[in-house]
Each structure stands twice: as C-alpha cells, then as structure tokens.
Number of protein chains: 2
Amino acid sequence: MSKAAKQRRAPAERPKEILEAALALFVEKGFAATRLDDVAERAGLSKAAIYLYFEDKMALFQGVIRQAVISNFGTVEALAQAHRGPVTEILPRLLEFMASRIEDTPLPSIAKLVIGESRAFPEIGRFYLKEVIGRGLPLLEALIARGIAQGEFRAVDPGLTVRSLIGPMLLAGVWKTVFEPIGGERLDTRALARHHADLMLHALRAP
Amino acid sequence: MSKAAKQRRAPAERPKEILEAALALFVEKGFAATRLDDVAERAGLSKAAIYLYFEDKMALFQGVIRQAVISNFGTVEALAQAHRGPVTEILPRLLEFMASRIEDTPLPSIAKLVIGESRAFPEIGRFYLKEVIGRGLPLLEALIARGIAQGEFRAVDPGLTVRSLIGPMLLAGVWKTVFEPIGGERLDTRALARHHADLMLHALRAP
DNA sequence: CGTTTATAACTGACCGGTAAGTTAGTTATA
DNA sequence: TATAACTAACTTACCGGTCAGTTATAAACG
C-alpha cells in the first residue's frame, strides 16, 4: 500500500466511486448543469479517467439511474409478496415503507431527474418505466385484487386504485425535492402516508 | 398592409408571440436544451429581437411560466368558491375540472418544467409555490374544513387530506408528460379523477 | 404631394466563455 | 520492461449575449 496517496491498484472499485460522485452531483444540480470535471474531482481522478469507464456523459447518467434504481427496489417486492396476511394490514406498512424511502434515500431525487430529463433522454425514461413502474404497478394491483378476492375490499378497479394509492407519495417526493429546498414548509411524509392509508382503507372497505 | 411579409407595426403583440414560441419549445425540449435562435425562428424574428423584449433567457422562462400559470388559474378559484352547495357535490367536479386541465392544456408540462428547473432557478420554484400552491392549497383545505363543519365529513386533517386529494392528479400530469410520450400506455385522467373522487368520498363520509 | 428626417423595430455577424470529448504522453505496478 | 491506470493540455462546437448597422414607418417640412 505504501504512501500511495494517488489511489491506484483498485480499479474494480472505480466505476462505483464515479457513479457515487455523479449521483451526488446530478441530484444536486441536475444533468445539464453537472460538469464532468466536477464529477472527476469528487471521485478523486481526472475527467479523462471517467472516459475509461463510461462511453460518454449520457452513459454515466444511465449508469447512475440504473444503480440507484436496482439498489432501491428489491425490498419493496419482498415486502409486498412475503406478507400473506390480510391486505388491510399490509397497505399501511407499504405506504410507510415508501415514506421512509422518500425521507431517507435519494430515490425522490432520482425520480425528479427522470421526470426532468426523460424528454431529452428517452432511454432513461423507458428504463424507469420498465424497471420501476413496470414491476411496481402490477405488484400493487395484485395486492388490491387480492384484497377484493378475500372480501376485504369492495370491487374497485385495481389499476385506478393503485394510482390513487401512490399519487400522494409521488406528491411527497416532489414536495421534498422541489419545494422544501426553496422555502416550502416541511411536509411530514410519514404522517401523510399514515393518513392516506387510513383514508384508503375507509374508501375500500367492503360494506 | 401591402405585401409586408416582414411583419412590422404590431409590436404590442410581439412579447406574446415570443412567449408562445418559447412555451412550445421549453415544453418540448426543456429549458437548457432550448436555443434562443430556435425560439426566434419560431416567433418569426431574430434572436437579437428577443432581447428587445426580455432581459435574458431566464426572464423569458419566467415570463412563460407566469403567463401559463395566471392564464390557467383564476377559474379554479371561481369554481371552488362560487359553489355553496354540499362539498360532497363539489369535490368530484373539482377533480374532473383538474383532469380536464391536465388533458387539454399545457399545464402539466409547465409543472414538469418547474419540477425540473427549480433547483437551477429557485425564483421559478418560488413563484410557482406562491402563486399556484399558496393559493390552491388553502382553497382546498377550506373546502375540506367546510365539509367537516357541515357534518358531511368525518374530522380529518384538512392539510393532509388535500394532499391525498390532489396527489393522483399530480401523478396523472407526470404520467401524461413523462411516460406517455415514450411509450407508456395511455392513462384516462378523467376516469382516474372520477374514481379517486369516489374513493375520497367514501373515505371521508361521516359515520 | 413629394422629399427629408427622426426613430422604432429589427437583423447579421461576431465575441467570449464553457464544457464535452480526445490524445499524446506519464507514472505506478508486476 | 511491459502495460494498465491515469492525466494535462488540447480541440471543437455550441450558444447566450452584444453591437453596429439596416429597414420600415411616421412625422415634419417645403
């Protein structure tokens, strides 16, 4: 190891380090406003070195999104599928789990990036559509359908109901990333999740 | 009028024309990716002429947002305040009105712009926060509070309830502007509005 | 009524800063 | 001494913003 301040000999970690630095900066300043020189500095190497690991800026962005998405997703699937009890009990847990993700991880910032840049980079949007929405929605729809089948819920449209369920969580994410940083008053995402779960259970309860 | 293909002598209309062109391009490509030369071409004049009417690109952006917001807002206020009947009847109308705005106006695209650019241009975000959210939220909260006072609704937190109410509409706007253009399946915003209104009324109904 | 003059509206060509992407060369390790 | 990892310096293209000059209109004048 010697005194090698210039970190060498660990190139396997390099892409991850670059992705981490890029995530922080993309989240902070957006895609266009993030300079590769800054990403490089933060990752502790030169801009040219980034090009050793990523084709171009776009590929780096894609990598960041991919990394953040896959690392933050498996758990939801587990949570929703493992639980075999009454849906009435799962729903509040699920919403509170989402709230914790919104409060404690960069997930909402990622979503904001996707929202803002997917017109310019449709591949990003399609990736998110496929990997997050395409996996998450069916999961939740199945849950609602199960609630109906088990006689807990009235017979509503599962697709629309899922939108009603997660809409406020999207709102919370947008609020946290867009309006709180510029002086909007703090929103208690977990309280919203609990409250919304309560509303939804009242709304869905079979007569 | 003669054959003056070069339009002159109507400078009062010019700012509006420029704003219209800019709106279309900002909505299509985002702020950073929109070239002033393109705005100029679309508005039928030269880039330099834009600077006769707007301080800089940022002021133009601000003008676009301001224009779109004020032209699309007064009606909501009217709708919510004029109606003196039971809140139970107003709520579905209100949601369906929002749905029509989302489907038939560039409002969701504006919102998307604000979401995407407010980190880089906090003034934009604050303007939206003040003019749209600062006016819309209290209006809706008062409506919920009235529903409670009139004995139609159970005693819920009006602030959180309003978030539950409009969350799905935000979701619809995001879906329309972000995911439909890149191959996401069409979402029937009005159906969602009706369905969500139904859920909310069930959720809020006093026992 | 034609001609000059004043000026508002507008433009083409340019400037300067910026940042993505490249390359030729350097350094550390095996 | 071979080579993988890395970098400083460069090239290139773009685009926001400016400015000196041009054109269309209207007012002033003879």
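By convention in this document, chain letters (A, B, ...) are assigned in the order of the sequence lines, proteins followed by strands, and residues within each chain are numbered from 1. The analysis underlying the following values was restricted to heavy atoms, covering all of them including side chains, and did not include hydrogens, waters or symmetry mates.
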Task: Enclosure of A:Glu41 CD (heavy-atom neighbours >12, cutoff 6.0 Å) - done: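 No, not enclosed.
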Under 3.5 Å, which protein N or O atoms sit close to an N or O of nucleotides 14-17 of chain C? Give each pair with its distance.
none

Do [X] and [Y] touch side chain to side chain, with heavy atoms closer than 4.5 Å?
X	Y	result
A:Leu143	A:Arg146	yes
B:Leu23	B:Ser109	no
A:Leu60	A:Glu55	no
A:Ile166	A:Leu170	no
A:Phe127	A:Gln62	no

Open item on the list: Taking pairing as Watson-Crick or G-U wobble with both contacts under 3.5 Å, can you name the mate of C:dA30, or confirm there isn't one?
Closed with: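 Because both required distances fall under 3.5 Å, C:dA30 counts as paired with D:dT1.
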Nearest-nucleotide pick for [X], side chain only, options being [options]:
X	options	value
B:Tyr53	C:dA9, C:dG12, C:dA20	C:dA9
B:Tyr51	C:dT22, D:dG16, C:dA19	D:dG16
B:Arg14	C:dA20, C:dT11, C:dA9	C:dA9
A:Lys57	C:dG21, D:dG16, C:dT11	C:dG21

Rounded to whole angstrom units, what separation is found between the [atom1] atom of [X] and the [atom2] atom of [N]?
X	N	atom1	atom2	value
B:Ile50	C:dA9	CD1	P	16 Å
B:Ile18	C:dC10	CD1	P	8 Å
B:Leu36	D:dT18	CG	C1'	13 Å
B:Asp56	D:dG17	CG	P	5 Å
A:Met58	C:dG21	CE	C1'	16 Å
B:Phe54	D:dG16	CZ	C1'	16 Å
A:Glu13	D:dC6	CD	P	12 Å
A:Phe31	C:dA19	CZ	P	13 Å

Task: Closest-nucleotide ordering on DNA chain C, the 5'-leading residue of A:Ala48 and A:Arg35 - done: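 Looking at the nearest nucleotide for each, A:Arg35 comes out on the 5' side.
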- [ ] Could you tell me whether B:Arg190 and B:Glu103 make a salt bridge, using a distance below 4.0 angstrom between a side-chain N and a carboxylate O?
- [x]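 So B:Arg190 does not pair with B:Glu103 through a salt bridge.
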